[in-house]
Amino acid sequence: MTVRVRMAPSPTGYLHVGTARTTLFNWLYARHNRGTFILRIDDTDQERSTQDFEDEILGSIRWLGLEWDEGVGAGGPHGTYRQSARLDRYAALARGLVESGHAYYDDRAPEELEGLRSQAQKEGKHPGHYIRRPAEVATSGAIRLSIPQDETVEFTDLIRGDLSFAPADIDDFVVLRSNGTPTYHLASTIDDIDYEITHVARGEDLLPSTPKHVLLTRALGHDEPVYAHLPLLFGTDGKPLSKRHGATALTAYREAGFLPEAVFNYLAILGWSPDGETTIFSREQAIATFDLVDVSRNPAAFDPEKLAWMNGEYVRAMDIVEFATRIRPHVEEAVGRELSGGEWATFNEIAPLVQERTKLLPEAGQQVVFLFTDLEGYDEQSWDKVMTKEGVGEVLEAGISALTDLDRWDAGSVEDALRALPARLGLGAGKTFQPLRVAVTGSAVSPPLFESIAALGRERSIERLQQARKELG
RNA sequence: GGUCCCGUCGUCCAGAGGCCCAGGACGCCGGCCUUUCAAGCCGGAAACGCCGGUUCGAAUCCGGUCGGGACUGCCA
């Protein structure tokens, strides 16, 4: 039997990192088993569903590299893979359920139902205990599934093991609303049957609904798929992941300059690992070893700091040409204009040094702005810390003459010339080089000094040293 | 309130009765390297929620307890 798994986002919001991880695990499971990964759109909620959200979700999934084999945009033998196109089918099957005696019409008023519920709660019982088929069944209204009371519902969860639910704790839930539209339970269950889904891996929040889906599937005359309920994602404080923990939309990470392969790796490590030692691994390695049964049962905290560290690992592991190419947009963004071919050549000279100290791509742009824009002043802290010291003026002057007399202009020559300064001035290396750094780059924090000066060029380097000398008064 | 799920360092993961006075990673602390910032290297602090039981032996099995979470809609 080939594995067929699906992801079924509702286009009513952005792709949440938790949903992204669920998608990732489904994808990994399909790839590991050489199965089929299906993408379906659960857009029964026409009010809240939008094309923009759908585009955003699909774009995010593609960005992560989780291509799907069947479904929206990819085609397949099951039509549009959009629930909004299948409303008639859901309604027809719901009515069939009434005919076969598995379901019944219910036209009781909301207030009446509410009364039954609060009564059940008052008595410490499950609402299902009261929301049952009335003696007098209606001939119209919503359609509820009738839960057989003589049998406990049992099924196996790949992650949690054998689970069982007492029928009294399952209410006769609505499958078709009185307006004829299906509930999530109905549409999702029918789709899983029609699309021949073999494994349903979803968030643990759906676990309490699973016995309903099992019963519904059986009432429809089929065997239920294998379920796997993934632990939910939390913040590092143990509270459910929300805005106050930072961005929860995957696109926010994309825009912040995270690499898709790093996000992929990080999401995978939330609730799973290939072994006890490995933290960084390729998608091929993940595919080779992934299995749903190995997924952790307890909730995982999404830690942006660890993600950032991991992103740095991926940035540094990147091929230098690729790195230089990928940060171009960020460099131009930081500089505020497009760069010329010559400027790119300059940039490429120090790109390897920038790469080493980059965690997020946009930071890389910040590191090189000094090369392509005029210095608009100095970083205040840097100035106070290094430029207000005794002897800074002499250092700058020595630097100016050392560079002016240079025959050749490259990092090595610049280094040779400047290395001689500390001894000549009777100062420590730091006392000599830091003032030069601040003068040339505007900050006490920058890429390595000699390479920076070499890349800046003789004329502009000396200009900046003179400018700083002037600022000193 | 009820049903269900979960419980190893601050965080993620490893551990499926002796290999564990618990291992790897992020973060943190200290050191080395060093002209800055990173990176790298070395070292350190840091956990089996609690109580019983089973067993020669328990992080691993059982029970209870406490704590956290999800669900409890004609939302998904």
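So that the names make sense, note that chain A is the first sequence line, chain B the second, and so on, each numbered from 1. Note that the coordinates shown come from a computational prediction; the quantities given were computed from them, not determined experimentally. The figures here come from the full heavy-atom set of this structure, side chains too, leaving out hydrogens, waters and symmetry mates.
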Next item on the list: Quick one: which residue pairs count as a salt bridge (charged side-chain N to carboxylate O under 4.0 Å, His left out) with a foot in residues 256-277 of chain A, not counting sequence neighbours?
Entry: A:E261-A:R326

Check: Is there any salt bridge (charged side-chain N to carboxylate O under 4.0 Å, His left out) pair reaching into residues 301-319 of chain A, and which pairs are they, with sequence neighbours excluded?
Finding: A:E313-A:R316

Next item on the list: List the protein contact pattern of nucleotides 38-51 of chain B with one symbol per nucleotide (5' to 3'): B for base contact, S for sugar-phosphate-only contact, - for none; contact means a heavy-atom distance under 4.0 Å.
Entry: BSS-----------

Next item on the list: Going 5' to 3' through nucleotides 59-70 of chain B, assign each nucleotide B (protein heavy atom under 4.0 Å from a base atom), S (under 4.0 Å only from sugar-phosphate atoms) or - (no protein heavy atom that close).
Entry: ----------SS

Margin query: Taking the nucleotide of RNA chain B with the nearest heavy atom to each, does A:G430 or A:E114 sit closer to the 5' end?
Written below: A:G430

Next item on the list: Between A:T183 and A:L270, just flag the one whose closest nucleotide in RNA chain B comes earlier from the 5' side.
Entry: A:L270

Reckon [X] touches a base, only the sugar-phosphate, or nothing at all at heavy-atom distances under 4.0 Å?
{"X": "A:A301", "result": "sugar-phosphate"}
{"X": "A:S10", "result": "sugar-phosphate"}
{"X": "A:S443", "result": "nothing"}

Watson-Crick or G-U wobble partner of [N], both distances under 3.5 Å:
{"N": "B:rA39", "answer": "none"}
{"N": "B:rA59", "answer": "none"}
{"N": "B:rU65", "answer": "B:rG49"}

Quantified in whole Å, what is the [atom1] atom distance between nucleotide [N] and nucleotide [M]?
{"N": "B:rA14", "M": "B:rU8", "atom1": "C1'", "answer": "10 Å"}
{"N": "B:rG52", "M": "B:rA16", "atom1": "P", "answer": "26 Å"}
{"N": "B:rG63", "M": "B:rA58", "atom1": "C1'", "answer": "15 Å"}
{"N": "B:rC37", "M": "B:rC28", "atom1": "P", "answer": "15 Å"}
{"N": "B:rC48", "M": "B:rC9", "atom1": "C1'", "answer": "10 Å"}

Check: What are the two closest heavy atoms between A:P134 and A:Y104, and how far apart are they?
Finding: CD-CE1, 3.8 Å

Partner set under ring-ring contact (aromatic ring centres under 6.0 Å, His included) for [X], not counting sequence neighbours:
{"X": "A:H330", "value": "none"}
{"X": "A:F450", "value": "A:F433"}
{"X": "A:Y314", "value": "none"}
{"X": "A:F370", "value": "none"}

Notebook entry, point to check: Under 4.0 Å between a side-chain N/O of A:R297 and OP1 or OP2 of B:rC5, yes or no?
Noted result: no

Margin query: Among B:rC74, B:rG7, B:rC12, which nucleotide has an atom closest to any side-chain atom of A:A142?
Written below: B:rC74

Notebook entry, point to check: Between B:rU35, B:rC74, B:rG7, which nucleotide gets closest to the side-chain atoms of A:R144?
Noted result: B:rC74

Checklist line | Contact residues, residues 409-429 of chain A to RNA chain B [heavy atom, < 4.0 Å] | finding: A:R419, A:A429

Check: Can A:Q467 and A:E471 be counted as having a side-chain donor-acceptor contact under 3.5 angstrom?
Finding: yes

Do any N or O atoms of the protein come closer than 3.5 Å to N or O atoms of nucleotides 14-22 of chain B, and which pairs are they?
none

Could you pull out all donor-acceptor pairs under 3.5 Å where a side-chain atom in residues 162-171 of chain A meets a protein atom, sequence neighbours excluded?
unit_1, atom_1, unit_2, atom_2, d
A:D162, OD1, A:T156, OG1, 2.9
A:D171, OD1, A:K212, NZ, 3.2

Report, one line per pair, each donor and acceptor closer than 3.5 Å where one atom sits in a side chain of residues 290-297 of chain A; sequence neighbours left out.
unit_1, atom_1, unit_2, atom_2, d
A:D291, OD1, A:V293, N, 3.2
A:S296, OG, A:N298, N, 3.2
A:S296, OG, A:N298, OD1, 2.7

